[in-house]
Every structure is written in C-alpha cells, then in structure tokens.
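The structure appears below as structure tokens.
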Amino acid sequence: MEQRITGAAISRRGFLRASAALGAAGLAGAGLTGLTAAGARADEGGGETLGYTYHNEHCLCNCMLQCTVRDDRLAMIQPRPNDDHRFQNVCLKGISEVQNIYGDARIQYPLRRTGERGSGQFERITWEEAFQTIAENFKAIQDKYGKEALWIQFSTEASQRFPPLLASVLGAQAGGMNGYDMGQGNGQIMAFAPWIGMFAQNTMWEWPEAAVVILANTNLVETSLTWSRGMLDAQEAGTKFICLDPRFSPTAGKADQWVNLRAGTDPAFFLGMTKYILDEGLFDREHVLAHTALPFLIDPETGACLADVAAGTDPKTGEPTEVKTFYLWDEATGAAVPHTAEGATPALEGEFTVDGKRYITQFTRLRKDMEPYTLEWTAATCDIPAEVVADVAEQYAAGPSIIDNGVGGIDKFGNNDVAGHCYALIASLTGNYGKRGTGCGIYGYHVTPYEAHLGAWKLPEGMAPAPSPQGFYDIVKGDTIHGAMFFGDIPTQKAANWNKTLEWLDSLDFVCLADIYHSSVTDFVDMVLPVCSKFECADAVGGIKCANAHILANLKVLDPLFESKSDFYIEKGIAEAMGLGDLFPADGEEYARALLDTDDPQMAGFTLERLQEAGGALRLIGSEDLIAPEVGYTYGTASGRQEPYYEALLPFGQAFPAWEAPCEAYPENPLREQYPLQFNQARSRFRVHSAYSGAKWIQEVAEPHIELNPVDAAARGLADGDAVEVFNDRGSFRTVLRLNEAVRPESAFMVESTYRQYLDGTIMQAVSNDTLNERGYALPFGPMIPFNDTLIEIKKAGE
Ligand SMILES: Nc1nc2c(c(=O)[nH]1)N[C@H]1C(S)=C(S)[C@@H](COP(=O)(O)OP(=O)(O)OC[C@H]3O[C@@H](n4cnc5c(=O)[nH]c(N)nc54)[C@H](O)[C@@H]3O)O[C@H]1N2
Ligand SMILES: Nc1nc2c(c(=O)[nH]1)N[C@H]1C(S)=C(S)[C@@H](COP(=O)(O)OP(=O)(O)OC[C@H]3O[C@@H](n4cnc5c(=O)[nH]c(N)nc54)[C@H](O)[C@@H]3O)O[C@H]1N2
Ligand code: SF4
Ligand SMILES: [Mo]
C-alpha cells in the first residue's frame with residue numbers, strides 16, 4: 001500500500017494564494033463556520049490533520065464531511081460544522097468509511113482478464129499498459145464501426161467530482177435516458193408544464209403548512225436519510241402523514257397512518273379516491289373553474305378539445321410559437337367563449353351545442369371515465385378495506401394536502417405513469433396545487449430551490465458526445481455498440497434481465513470498467529481500473545459540485561490509495577494515449593478554477609482558495625430561505641392552467657388516467673402458478689445501491705438477504721436463515737432467507753443491490769423484468785424498467 005499523509009490538504013502554491021485572497025477580501029468566508037483552515041493540525045501534538053470533502057450523491061444527501069487523518073490513515077469522519085444545522089449531517093455509512101476505503105473489496109491495481117468472462121481470473125498490469133491497450137481498442141472500434149459505436153457511460157455516483165470529458169473528446173455515445181426514477185414524473189409533469197423534472201416545485205420545508213402529506217412509494221426515513229428531519233419536524237408541527245406501502249417500512253412505522261395496499265395498485269387507489277371525491281362533492285369547485293382546464297369543451301366522440309390555433313410569439317424567447325385558445329360554455333350568455341374571456345360564468349358540467357356540433361366539458365367526461373372505480377372495486381384491486389379509501393380521500397380533499405411520491409414501488413411497475421397522472425388529477429381537482437401547503441412530486445431530495453450554474457472546461461467548438469437516442473436498456477437489445485467503457489457498474493444496474501445483458505457484453509470487441517470496488521460486473525469485463533474514493537485525490541482538489549444550496553469541494557484528505565487514480569486522471573490518461581491529452585485541464589486545480597469561473601451571482605467571489613479556507617463548502621449567496629416561492633396558478637401549459645386531461649395520450653386511452661394492471665405481477669397472471677411471488681425491491685439505510693456491500697462494519701449489521709412473510713415461508717417449508725434460490729424463467733440467484741411479518745403475503749422483499757460475491761457468485765438482476773411499456777416512448781422521460789413488476793419463486797438452494 002502506497003500512501004502518504006497530505007500534510008497540508010492544500011498545496012503550498014494554493015496556500016499562498018489563499019492567504020493573499022483572504023487578506024484582500026478582508027477575511028471573507030472566515031467566521032461563517034468557525035472552521036480551522038483545511039489541512040490545519042487538528043491536534044498540534046499528535047500528527048493529526050483535518051481534511052474536507054463531500055460524500056454520496058446517490059443516497060440523495062451529499063453530506064459535507066470533516067475528516068481526521070492520523071498517522072497517514074483516515075481515522076475519523078464527522079459532519080462538517082455548519083451554521084445551518086440542516087446541513088450538518090453524517091450517517092453510519094459515512095462514519096464507516098474509515099474502514100471501508102481500506103477494505104478487501106477495493107480494486108487496487110489495473111487488471112487484465114486472463115480467464116473466461118466471469119471466471120475472476122486477472123493479471124496485474126501497469127497503468128501505461130492499460131492506457132495503451134484501451135487507446136488501441138477504442139481506435140480500432142471507432143475506425144471500423146464509426147465514432148458512435150463506442151459507449152462511455154458514468155454511473156450517477158461516478159460523475160460527482162469533475163464533469164466527464166472523454167466521451168466528448170472521442171465523439172462516443174455517453175448514455176441516453178436512464179429508464180428509472182421518472183415513471184410517475186412522466187405522468188405528472190404535463191399537467192403543470194414546463195415543470196421539467198421529477199421533483200416537486202416546492203420543498204419539504206413547506207410541509208408544516210400542510211394538514212396532510214401522503215407518502216407514496218417512498219421510504220424516505222431511509223432513502224432521504226438526513227432529510228427525514230423534514231418529516232419529523234412537520235409531524236411535530238401537527239401535519240399528518242399517511243404512508244402507502246405494501247410493506248411495513250421504517251417510514252410506515254413513523255407515519256400516522258399506514259395503508260398496506262397490494263403492490264402495483266397505487267393508480268387504483270387514487271382512481272378510487274377520485275371517484276369518491278367526485279361522488280361526494282368533495283372537490284374544490286371554485287379552484288376547478290378558475291385554475292384548471294376541466295371546464296373546457298371537448299368532442300365527446302374523439303376527445304379532442306375545441307380549440308383555435310394561431311401563430312404567435314413566445315413572450316420570453318421571442319421565438320414563433322403556437323397559441324391555443326380553448327372554449328368554455330358561458331352560462332350567462334349561453335354561448336361558447338374563449339377560455340381567456342373576462343367575466344364569463346363557465347359551466348362545469350353538461351352537454352352543449354356549438355355551431356351545430358355536440359360538446360361536453362372535460363369534467364363531464366371525467367365523471368364518466370371514473371365510473372368503474374367504485375369503492376368496492378378499489379378495495380378489491382388494492383386488497384384493502386373500502387373505508388380506508390374513503391377516509392384517505394376525505395382527509396386529502398379537506399387539505400391543504402401534499403402528495404410526496406418517491407421513485408420506488410410503483411415507479412418500477414409498467415403502469416407507473418398512470419400513478420403520476422392520478423396525483424396531478426386529484427391535486428387539480430381538490431385545489432391541492434399552487435398554494436402553500438399543497439403540491440405533488442418528489443420532495444425527499446428536493447431540499448433547496450437553489451441550483452447554481454457552474455462554469456465548464458471549454459473544449460473546441462462542436463466537440464460533444466455522439467447523440468444517444470437510446471437508453472442502456474435499449475442498447476443491450478441491439479448490436480449498434482461494439483466497445484464500452486463504464487465508470488461504475490452500469491451493466492448490472494441499468495438494465496433488467498442480466499442473462500441478456502451478459503449476451504450483449506459477450507458481443508462487444510472490448511469492454512473496460514473503472515470502479516473503486518469489486519462491483520458485480522468486474523469479473524465480466526476485459527480490463528478493470530482502480531478508482532480512488534472521494535477521500536483521495538492527487539491534487540489539492542478532486543471535484544466541485546453544487547448541492548444543498550452550497551458549492552462543495554472534494555478537497556484532498558489522502559493521496560490516492562493503492563495504485564488508484566481519479567476518474568479525471570483515468571479519462572486524461574486514455575486521451576493522452578490517443579494523442580488528445582492537451583484537450584484536458586492540466587490538473588484538478590485548473591479544472592476546479594474553470595468550474596468556479598461563472599457569472600452566476602449566487603457564486604460571486606467564490607474561489608478555490610475561499611472553498612479551502614471554508615472547509616470545502618460555501619453557502620450560495622441569497623439562499624437563506626429554503627422554502628421555495630409559492631407555486632401559484634400560472635403554468636407553461638397551452639392554456640396557462642392546470643391541465644390534467646392529456647389530449648396527447650388519447651391514442652393510449654390515457655387522456656384521463658385509466659386503470660392498467662401491472663405488466664407481469666398482476667394477481668390473475670397464469671404465470672403465478674409457477675412464480676407466485678411479486679418481487680419488491682427497494683433501498684435501505686445500510687447501502688447506497690451496491691456501495692458499502694464490502695464494508696466490514698456495515699456487513700456486521702446488514703447482510704444481503706431476501707425477506708418473506710412467515711406464512712409464505714411455511715407454505716414452502718422454508719425457515720429463517722435458509723440458503724435459498726430465487727428464480728423464474730429469466731434466471732436465478734442465491735441468497736439467505738429472513739422471515740419478516742412486515743412483508744405482504746404473496747410477495748418477497750429485497751434490498752437493491754449487492755455485489756455478486758455476497759450472493760454466492762450470482763446476480764439479483766438475473767430475474768428482473770425487462771419488458772418496457774411502449775407508451776413510455778411517447779412520454780417526456782422515456783420508458784421505465786419495471787424491476788418490481790417481476791414474479792418469482794423461492795426454494796431451498798440445491799433442491
Ligand atoms: N440509503 C440510501 N438512500 C437512497 C438510495 C440508496 O441506495 N440508499 N438510493 C437513492 C435512489 S437512486 C433512489 S431511486 C431512491 C429510492 O428511494 P424511495 O423513493 O424511497 O424508493 P424505494 O426505497 O425503492 O421504495 C420505497 C418504498 O416503496 C415500497 N413499495 C414497493 N412497492 C410499492 C407499491 O406498489 N406501492 C407503494 N405505494 N409502495 C411500494 C417499498 O416497500 C419501499 O418501502 O433512494 C435514494 N436514496
Ligand atoms: N433490480 C433492480 N435494479 C435497479 C433498481 C431496482 O430497484 N432493482 N433500481 C435502479 C435505480 S433507481 C438506480 S438509481 C440504479 C442505481 O444503480 P447504480 O447506477 O449502480 O448506482 P450508483 O450508486 O450511481 O453507481 C454505483 C457504481 O459506481 C461505482 N462508483 C461509486 N463512486 C465512484 C466513482 O467516484 N468513480 C467510479 N468510477 N465509480 C464509482 C460504485 O462502486 C458502483 O459500481 O439502479 C437501478 N437498478
Ligand atoms: S451515505 Fe450517509 S454520510 Fe454519506 S452522504 Fe449519505 S447520508 Fe451522508
Ligand atoms: Mo434511483
């Protein structure tokens with residue numbers, strides 16, 4: 001192990017500049033947190049230094065960490081002091097890095113595969129050899145098949161230091177849509193455009209202003225771990241939390257009410273609530289008339305809106321655009337009037353004749369479309385009592401109410417967009433969108449409304465990745481890619497049905513992985529490169545990013561351990577071997593300065609020196625108020641109103657949301673005879689996806705396992721602790737069984753994911769469903785992988 005204490009986590013050159021800048025700025029930045037300068041001695045007598053970095057993005061927390069280095073080793077992790085205590089956080093995973101970064105699972109040297117794929121046989125090679133081999137293979141592939149035949153993709157967690165450059169420099173594809181986490185967003189955003197994300201438009205700090213928060217498909221006390229204070233604070237202030245989850249999750253345990261609906265049936269639950277709200281007159285009539293498109297006239301046969309389209313100009317961009325005028329029925333004059341007409345008395349319901357043709361309002365169609373979703377139907381579909389549906393509907397409609405959806409559960413079912421569409425509809429209908437204490441979308445991670453625009457490293461004009469119209473989930477089904485480089489384990493995570501992915505990997509001329517740990521795909525690639533962790537860098541700084549209303553710096557805590565290099569130096573090394581190294585920044589400092597060079601006033605005066613002086617984090621200027629502005633009632637939709645009726649989805653029968661069963665895990669599927677269990681996969685506080693699988697301290701409290709209700713285990717003659725095989729027609733994997741009454745009968749639960757060495761050499765992804773819903777291609781974020789829409793059976797291993 002080669003490793004050297006950083007002494008000063010800031011180079012001498014940098015330190016001199018820092019002192020000068022500080023003098024000039026009159027101690028700007030100092031005093032904010034009362035921190036000692038980065039690299040200062042923590043204990044004058046004991047050879048200890050402090051260093052600062054940020055931690056995981058993919059647990060959605062990005063904690064700012066203060067790290068003590070003692071005798072050349074990372075010895076202690078603490079939360080970096082912060083005046084705003086909401087941002088002074090750490091969890092067990094962060095603390096345990098003092099063991100994890102030195103652990104057995106660490107990849108230590110560049111390796112070349114010598115045995116069969118999957119054999120785990122490798123030989124150690126030098127970095128020079130690695131870079132040369134990669135350069136030769138990339139060149140051969142791009143010369144033979146075209147630049148875009150090379151795929152260079154970063155895992156989310158791998159792209160959190162310096163923005164990747166290699167795919168741009170080589171004109172390779174850099175990965176398209178992800179195929180997860182945006183399913184409900186696909187169904188929500190069209191109602192409130194141009195909301196272009198999956199996140200709510202306001203933040204969780206507004207929750208105390210809501211009477212009710214429905215938590216749907218989120219286990220936020222684990223998956224937004226450090227932000228779960230937002231839930232607990234609101235609860236203390238009197239907000240009631242209703243958790244919809246087929247499993248008694250830790251979040252269900254903290255909520256005021258738990259609805260244990262059958263997995264994959266959230267759309268049914270909300271459709272049932274909507275019908276009940278309509279029948280009982282619990283909707284907000286005034287809101288619906290003033291702020292939604294529901295009074296607009298539509299053709300009862302085709303569903304098309306009665307509208308005029310004229311050429312106009314966008315007031316913001318000045319670009320030519322279409323201006324659409326819709327029509328309402330004005331009860332005062334007994335005539336159709338433009339939706340923008342002042343002083344009209346719009347009819348909410350009814351049938352009207354305009355120019356000899358029959359029209360109805362959207363609201364009239366809504367009543368008709370919702371007819372099938374009676375309380376009895378809903379109760380049977382969701383397998384819950386009818387009173388629960390009525391009770392939650394009454395509480396939600398009374399409001400002010402918020403729907404906080406996560407991206408687990410239904411998001412990983414074929415009917416995910418229908419759920420999102422339901423949230424938009426019910427929020428519009430009950431006036432629970434626009435004003436304080438209302439809204440829908442993801443709140444868990446959305447803890448600040450602030451996003452700064454960082455600068456960029458400038459590449460020559462036109463140098464960019466090749467267009468990537470397909471997601472990895474599509475790429476693995478085709479033959480357009482001939483070589484790939486993955487920063488982090490893409491193949492076992494970003495596509496379902498591992499055995500098919502493996503066939504695709506076999507079809508490639510060359511495939512390389514750069515990872516910190518021995519992740520599942522490692523044994524299946526041709527070359528493996530060791531990456532350093534966020535505690536290590538070769539320069540004073542190894543990354544800059546914006547998160548949590550701060551600019552964060554990944555400052556040096558340790559030099560790279562073993563023979564590892566940062567992703568940046570790996571990209572640069574490959575580019576150098578291809579004669580393109582000059583296009584890259586010389587080092588981390590030069591890259592960091594380019595990113596800090598921006599006109600964004602929130603970052604005025606932010607320099608590397610100030611970041612170092614402040615212990616790796618500076619609060620964005622003007623970001624004190626974490627409650628986002630009130631959303632209000634003007635939107636970028638065609639009418640400017642809330643539009644929960646999606647004319648564009650008429651061809652799919654989803655103009656208003658309509659019940660659609662899961663694609664595989666529905667109760668009546670004949671496949672249930674062979675594979676009776678629905679496979680619920682979610683995340684836990686003990687890992688960030690597969691990360692920390694190899695961490696010894698975490699292993700002591702959380703071993704990989706699958707959970708069954710004792711009833712289902714008994715029916716199979718299985719006992720707690722049994723080694724089991726989980727299987728279906730797609731494949732199988734092995735793990736340990738644990739019994740848990742919190743798991744719904746007829747389903748199995750498992751935390752996603754872990755390395756194959758902890759699953760007896762098998763991969764959990766082997767059983768997951770890769771059937772995409774075609775409708776997804778017509779939606780803003782593309783189709784989603786239905787990981788949870790999977791049926792399985794479990795038996796004792798070896799039987
Ligand atoms: N500690 C930690 N935090 C993380 C991550 C991590 O790996 N570790 N990963 C991050 C990422 S990328 C993501 S996507 C998020 C995901 O985090 P969440 O959005 O919280 O999603 P999950 O943990 O997948 O599942 C949430 C809950 O949905 C329940 N569920 C399953 N099926 C259904 C259903 O049909 N209906 C309903 N209503 N509930 C259902 C599950 O039992 C589970 O308790 O977590 C993020 N945060
Ligand atoms: N079966 C099943 N599959 C799923 C899901 C599911 O529920 N079930 N959930 C899906 C969801 S929501 C998500 S978000 C994805 C997440 O799955 P991933 O994309 O795998 O998760 P990440 O945490 O982004 O990336 C983790 C990988 O990056 C590596 N890594 C971490 N930091 C660095 C770094 O600095 N440099 C490099 N080079 N590598 C690094 C880790 O060791 C690991 O290999 O999984 C999806 N796949
Ligand atoms: S893993 Fe823990 S310490 Fe690290 S960012 Fe997430 S919550 Fe914070
Ligand atoms: Mo995710």
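Counting convention: from 1, in listed order, for ligands and their atoms alike. Because the structure is a prediction, the values reported are computed rather than measured.
- In Leu225, neither the side chain nor the backbone holds a heavy atom less than 4.0 Å from any atom of ligand 3.
- Protein heavy atom in closest approach to atom 32 (N) of ligand 1: Gly409 CA, 3.2 Å.
- The nearest heavy-atom contact from the protein to atom 38 (N) of ligand 2 is Asp567 OD1, 2.7 Å.
- Note that the CG atom of Asp245 and the OG1 atom of Thr251 stand 7.5 Å from one another [nearest 0.5 Å].
- The protein atom (non-hydrogen) at minimum distance from atom 26 (C) of ligand 1 is Asn219 N, 3.5 Å.
- Of the protein's non-hydrogen atoms, Gln765 NE2, 3.0 Å is the one closest to atom 3 (N) of ligand 2.
- The closest heavy-atom contact to atom 14 (S) of ligand 1, among the options Asn788, Thr156, Asp181, Ile214, comes from Asp181.
- Ranking protein heavy atoms by distance to atom 7 (O) of ligand 1, first place goes to His689 N, 2.6 Å.
- Each of the following atoms of ligand 3 lies closer than 4.0 Å to a heavy atom of Asn62: 5 (S).
- Across His58, Glu157, Glu222, heavy-atom proximity to atom 10 (C) of ligand 1 is greatest for His58.
- Atom 1 (S) of ligand 3 has its closest protein heavy atom at Lys93 CE, 3.3 Å.
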Q: Take Tyr569 and Trp127, measure what ring-ring contact (aromatic ring centres under 6.0 Å, His included) needs, and give me the verdict at the end.
A: CA-CA 11 Å; Tyr569 277 111; Trp127 274 108; over 10 Å; no

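- Comparing heavy-atom distances from atom 24 (O) of ligand 1 across Gln678, Arg247, Gln184, Arg683 singles out Arg683 as nearest.
- Scanning the protein heavy atoms around atom 27 (C) of ligand 1, the nearest turns out to be Asp245 OD2, 3.3 Å.
- The shortest N/O to N/O separation between Leu244 and ligand 1 falls below 3.5 Å.
- For atom 18 (P) of ligand 2, the candidate residues are Gln493, Arg687, Gln681; the nearest heavy-atom contact is made by Gln493.
- Checked against a 6.0 Å centroid threshold, the rings of His518 and Tyr755 do not count as neighbours.
- A donor-acceptor contact closer than 3.5 angstrom is absent between the side chains of Gln184 and Asn416.
- Of all protein heavy atoms, the one lying nearest to atom 40 (C) of ligand 1 is Pro246 CD, 3.1 Å.
- Taking only non-hydrogen atoms, the option from Asn405, Asp411, Val751, Asp266 nearest to atom 36 (N) of ligand 1 is Asp266.
- Annotation: the span from Asp404 atom CG to Phe241 atom CZ amounts to 8.0 Å, rounded to 0.5 Å.
- Atom 2 (Fe) of ligand 3 has an N, O or S atom of Cys91 under 2.8 Å away, backbone or side chain.
- Geometrically, ligand 1 and Asn217 share a nitrogen or oxygen pair separated by less than 3.5 Å.
- Of the protein's non-hydrogen atoms, Cys59 SG, 2.2 Å is the one closest to atom 6 (Fe) of ligand 3.
- Atom ND1 is the N/O/S atom of His55 found closest to atom 4 (Fe) of ligand 3.
- In terms of protein heavy atoms, atom 8 (Fe) of ligand 3 is closest to Cys63 SG, 2.3 Å.
- For atom 25 (O) of ligand 1, the closest heavy atom belonging to the protein is Ala682 CB, 3.5 Å.
- One option in Asp404, Thr223, Leu220 has a heavy atom closer to atom 17 (O) of ligand 1 than any other, and that option is Thr223.
- Residue nearest to atom 13 (C) of ligand 2, selected from Phe487, Phe154, Phe679, Tyr180: Tyr180 (by heavy-atom distance).
- For atom 29 (C) of ligand 2, the nearest non-hydrogen atom of the protein is Asp515 OD1, 3.2 Å.
- The shell of residues lying under 4.0 angstrom from ligand 2, judged by heavy atoms, includes Arg161.
- Within 6.0 Å of CD on Glu746 lie no more than 12 heavy atoms contributed by other residues, nucleotides or ligands.
- For Ala514, the closest heavy-atom approach to ligand 2 falls below 4.0 Å.
- Both the sub-6.0 Å distance and the 45° axial angle are not jointly satisfied by Arg687 relative to the ring of Tyr692.
- Of the protein's non-hydrogen atoms, the one nearest atom 39 (N) of ligand 2 is Ala158 CB, 3.5 Å.
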